[in-house]
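These notes are about the structure you will find just below.
It should be emphasised that the depicted structure is a prediction, and the values quoted were computed from it without experimental measurement.
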Amino acid sequence: ITPVHLADLQRRMLRAGKKPATIDSAIHSALRALLRDAETAGYAIPDLAELYSRDVVRRLDRRGEGSDRAAFTEDE
């Protein structure tokens, strides 16, 4: 999955009428599950900041930015 694939998926979901928060949730949940399952299967999980530039793949829903609340717990 390349950054271009993720950005394209975001655009297609927007055109389909999905809200930015729904798109963010779906994509980020899928990525977390993919990485969790890969780690369970014994694969080394790289640092995502090295794989995906925040300039290319970014959240569409910006309402939560700058808040003190963590988006996900360590268990997630």
Side-chain angles (χ1 to χ4, degrees):
I1 298 173
T2 67
V4 172
H5 291 126
L6 293 174
D8 181 58
L9 178 59
Q10 287 176 320
R11 284 190 300 275
R12 287 190 289 145
M13 291 176 81
L14 279 171
R15 282 194 308 266
K18 304 297 181 212
K19 293 184 180 184
T22 300
I23 296 169
D24 290 343
S25 178
I27 290 175
H28 290 262
S29 291
L31 285 174
R32 284 193 312 274
L34 178 78
L35 293 171
R36 181 196 62 230
D37 292 349
E39 187 173 39
T40 300
Y43 291 94
I45 304 303
D47 179 6
L48 291 183
E50 294 178 18
L51 291 178
Y52 296 109
S53 167
R54 289 184 185 262
D55 294 332
V56 177
V57 179
R58 61 180 67 184
R59 286 188 173 274
L60 299 176
D61 184 19
R62 303 288 199 173
R63 288 178 292 175
E65 285 189 359
S67 71
D68 292 335
R69 195 177 117 210
F72 306 106
T73 66
E74 287 295 320
D75 293 335
E76 293 177 311

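Contact of the Q10 side chain with the L6 side chain is not registered, since no non-hydrogen atoms from C-beta on lie closer than 4.5 Å.
Residues satisfying the side-chain contact (heavy atoms from CB on, under 4.5 Å) test with A38, not counting sequence neighbours, are Y43, I45. Scored by the side chain to side chain donor-acceptor pair (under 3.5 Å) test, R12 finds D8 as partners (sequence neighbours excluded).
Atom-to-atom distance recorded for E39:CD and L34:CG is 11.5 Å, nearest 0.5 angstrom.
Applying the side chain to side chain donor-acceptor pair (under 3.5 Å) test to residues at least two apart or on different chains, none of the pairs has a partner in residues 13-26.
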